[in-house]
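Below is one structure, written out as C-alpha cells, with a few remarks after it.
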Amino acid sequence: MTTTTSATPPAATTAGTAHPLHTPVIAWFEAHARDLPWRRPEAGAWGVMVSEFMLQQTPVNRVLPMYEQWLARWPRPADLAAEPPGEAVRAWGRLGYPRRALRLHAAATAITERHGGEVPDDHAELLALPGVGEYTAAAVASFAYGRRHAVLDTNVRRVFARAVTGVEYPPNATTAAERRLARELLPGEEAVAARWAAATMELGALVCTARSPECGRCPIAGDCAWRAAGSPAHDGPPRRGQTYAGTDRQVRGRLLAVLREAHGPVPQAALDAVWDEPVQRARALDGLVADGLVEPLEGARYRLPLT
DNA sequence: TACGCGTGGCG
DNA sequence: TCGCCAAGCGT
C-alpha cells in the first residue's frame with residue numbers, strides 16, 4: 001500500500017542472486033503491509049529514525065501515539081536538540097528503556113552539529129550516532145533512503161530460522177551465519193532489496209510470529225524448511241528470559257516515574273516513598289544518575305537532566 | 001559473550 | 001496466574 005508498483009518484476013536482481021522467496025514475500029507485502037505513519041513519505045528520515053528508536057523492544061501499538069506526539073513537537077532533529085535532554089525523557093512517557101530517549105536526544109544533537117540537521121544516509125555515519133546499532137543503521141538507510149542493506153531484526157531472524165534453516169527460533173545472539181545468510185538472500189537491486197527488508201520484517205511481525213505462527217496465511221509456507229521438517233519444537237538452550245519483579249529495573253522505573261511527573265526539583269523523601277528497601281533504592285537512584293537520566297541537586301533534591 | 005535495561009498485553 | 005514476548009543497544 002505504501003507504493004503503487006505496477007507489474008512487480010520477477011524477483012529481478014542484478015547478479016545471480018534471485019531467490020524463489022523474493023517474489024511471493026514481496027507480493028504478500030504489497031497486499032498486506034500495515035499503513036504505519038513512519039512508512040508514509042511525509043515521515044522522512046527523521047520520522048523513520050524516531051520510530052526505530054521507539055520500536056526497539058517496544059510493540060507497535062504502544063509506539064503509535066508517542067510517535068505522533070514526538071513528530072508534532074519535534075518535526076526536525078534540531079527541534080529536539082534545542083531542548084534539554086530531560087524533556088526527551090519526560091516525553092518518552094511509559095515506553096520503557098528511557099535511556100533510548102536520552103540517546104535519541106544525543107543523536108539529534110549530533111545530527112544537528114555534524115550533519116547539518118539532516119539524518120545521514122550512510123550506514124557508517126548512522127552507526128556512529130548514539131543509540132544506533134547495526135540494526136537501526138541498516139533500517140534507517142534502507143527504509144528512509146532505499147539503500148541496500150541486510151536488515152536483521154528479531155522478526156527477520158525468526159523468518160529465516162524457520163523458512164531457510166528449519167528451526168523454530170534463531171539463536172539468542174545474532175551469529176555470523178545469520179548475517180551471511182541475510183546477505184546471501186538480499187536482492188541485488190537496491191530498490192528490491194529495500195522492499196525485501198521491509199517485507200520480511202512485516203511477515204515476521206504479522207504471520208510468522210513467535211508464539212503462534214499463522215502458516216495458513218504465509219506466502220512461503222510451501223517452501224518453509226521448518227514446516228517441511230514437521231514444525232519441530234525449539235531444541236537447545238532456553239531463550240533468554242527477562243526478569244523484572246523485584247529488580248533494580250523496577251525500582252528505577254518507579255523513581256523515574258516520579259521525576260517525569262514532577263516539574264520542579266523533587267526532594268529525596270518523595271523518591272524514598274516508592275521503594276522501602278533503602279540499599280536497593282539508593283543503588284537504583286545512583287544508577288539513574290550515572291546513566292544521565294537524573295540530575296542530583298543541592299540539598300538532596302533531584303530532577304530530569306537540563307544538560 | 002552475556003547481561004542490564006521498562007513496560008504492559010496476551011495465551 | 002505468570003512467563004513470554006515486543007522493529008536492540010552498550011558495555
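Just so we're on the same page: letters track the sequence lines, and every chain starts at 1.
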- Note on the structure: From the candidates C:dC5, B:dT7, C:dA7, the one with an atom nearest any side-chain atom of A:Arg62 is B:dT7
- Are A:Arg39 and A:Phe143 in a cation-pi setup, meaning NZ or CZ lies under 6.0 angstrom from the ring centre and within 45 degrees of the ring axis? no
- Message: Using a heavy-atom cut-off of 4.0 Å across all strands, would you classify A:Leu95 as base, sugar-phosphate, or nothing?
- Response: base
- Side-chain N or O of A:Gln57 closer than 4.0 Å to phosphate OP1/OP2 of C:dG8: yes
- Are A:Arg303 and A:Glu295 ion-paired here, with the side-chain N under 4.0 Å from a carboxylate O? yes
- Item | Donor on one side chain, acceptor on other, A:Arg103 and A:Tyr97, under 3.5 Å | no
- Query: What do you reckon, is CZ of A:Arg260 surrounded by more than 12 foreign heavy atoms closer than 6.0 Å?
  - Reply: yes
- Mind checking the P distance from C:dA7 to B:dG4? Whole angstroms is fine. 22 Å
- Task: Quick one: label A:Ala210 by what it contacts on the DNA or RNA (base, sugar-phosphate, nothing), any heavy atom closer than 4.0 Å.
- Result: sugar-phosphate
- Query: Is the shortest side-chain N/O distance from A:Tyr97 to OP1 or OP2 of B:dG4 below 4.0 Å?
  - Reply: no
- Task: Write down the distance separating the P atoms in C:dT1 and B:dG6, rounded off to the nearest Å.
- Result: 26 Å
- Task: Using a 4.0 Å heavy-atom cut-off across all strands, classify A:Val156 as base, sugar-phosphate, or nothing.
- Result: nothing
- Which whole-number value in Å describes the distance from A:Leu255 CG to B:dC5 C1'? 14 Å
- Query: Separation of A:Arg283 atom CZ from B:dC5 atom P, in whole Å?
  - Reply: 9 Å
- Can you check whether any acceptor in the base of B:dG4 is under 3.5 Å from a donor in the side chain of A:Arg249, or vice versa? no
- Taking the six-membered ring for Trp, are A:His19 and A:His22 parallel (under 30°), tilted (30 to 60°) or perpendicular (over 60°)? tilted
- Over 12 non-hydrogen atoms of neighbours within 6.0 angstrom of CD in A:Glu178: yes
- Query: Closer than 4.0 Å, any side-chain N/O of A:Thr136 to the OP1 or OP2 of C:dC9?
  - Reply: yes
- Query: How close or far is atom C1' of C:dC4 from atom OH of A:Tyr169, stated in whole angstroms?
  - Reply: 9 Å
- Message: Whole angstroms only, please: what is the CG-P distance between A:Leu55 and C:dC5?
- Response: 19 Å
- Taking N and O atoms by type only, does the side chain of A:Thr58 place a donor or acceptor under 3.5 Å from a partner on the base of B:dG6? yes
- Message: Counting the atoms with a prime plus P, OP1 and OP2 as sugar-phosphate, which does A:Arg94 contact under 4.0 Å by heavy atoms, base, sugar-phosphate, or nothing?
- Response: sugar-phosphate
- Message: Rounding to an integer number of angstrom, what distance separates C:dC9 and B:dG8 when you compare their P atoms?
- Response: 23 Å
- Message: Once you measure the plane-to-plane angle for A:Trp92 and A:Trp70, does it fall in the parallel (<30°), tilted (30-60°) or perpendicular (>60°) bin?
- Response: perpendicular
- Note on the structure: Among C:dG8, C:dA7, B:dG6, the one nearest any side-chain atom of A:Arg252 is B:dG6
- Look at all strands and tell whether A:Trp38 reaches a base, only sugar-phosphate, or nothing, counting heavy atoms closer than 4.0 Å. base
- Message: Judged by each residue's nearest nucleotide on DNA chain C, which is more toward the 5′ side, A:Leu129 or A:Thr209?
- Response: A:Thr209
- To the nearest Å, give me how far apart CD (A:Gln250) and C1' (C:dC2) are. 14 Å
- Message: Closest-nucleotide mapping onto DNA chain B: is A:Ser212 or A:Arg260 further toward the 5' terminus? I mean the 5' end.
- Response: A:Arg260
- Message: Any donor-acceptor pair, under 3.5 Å, between the side chain of A:Arg211 and the base of C:dC4, if you only look at N and O atoms?
- Response: yes
- Hey, which sits more toward the 5' end of DNA chain C by its nearest nucleotide, A:Arg158 or A:Ala137? A:Arg158
- Examine C:dG10: is either OP1 or OP2 under 4.0 Å from a nitrogen or oxygen in the side chain of A:Arg103? Give yes or no. no
- Message: If I take atom CZ in residue A:Arg100 and atom P in nucleotide C:dC9, what distance separates them, rounded to the nearest angstrom?
- Response: 11 Å
- Message: Using whole Å, what does the distance between atom P of nucleotide C:dA6 and atom OH of A:Tyr135 come to?
- Response: 13 Å
- Task: To the nearest Å, give me how far apart CG (A:Asp248) and P (B:dC3) are.
- Result: 16 Å
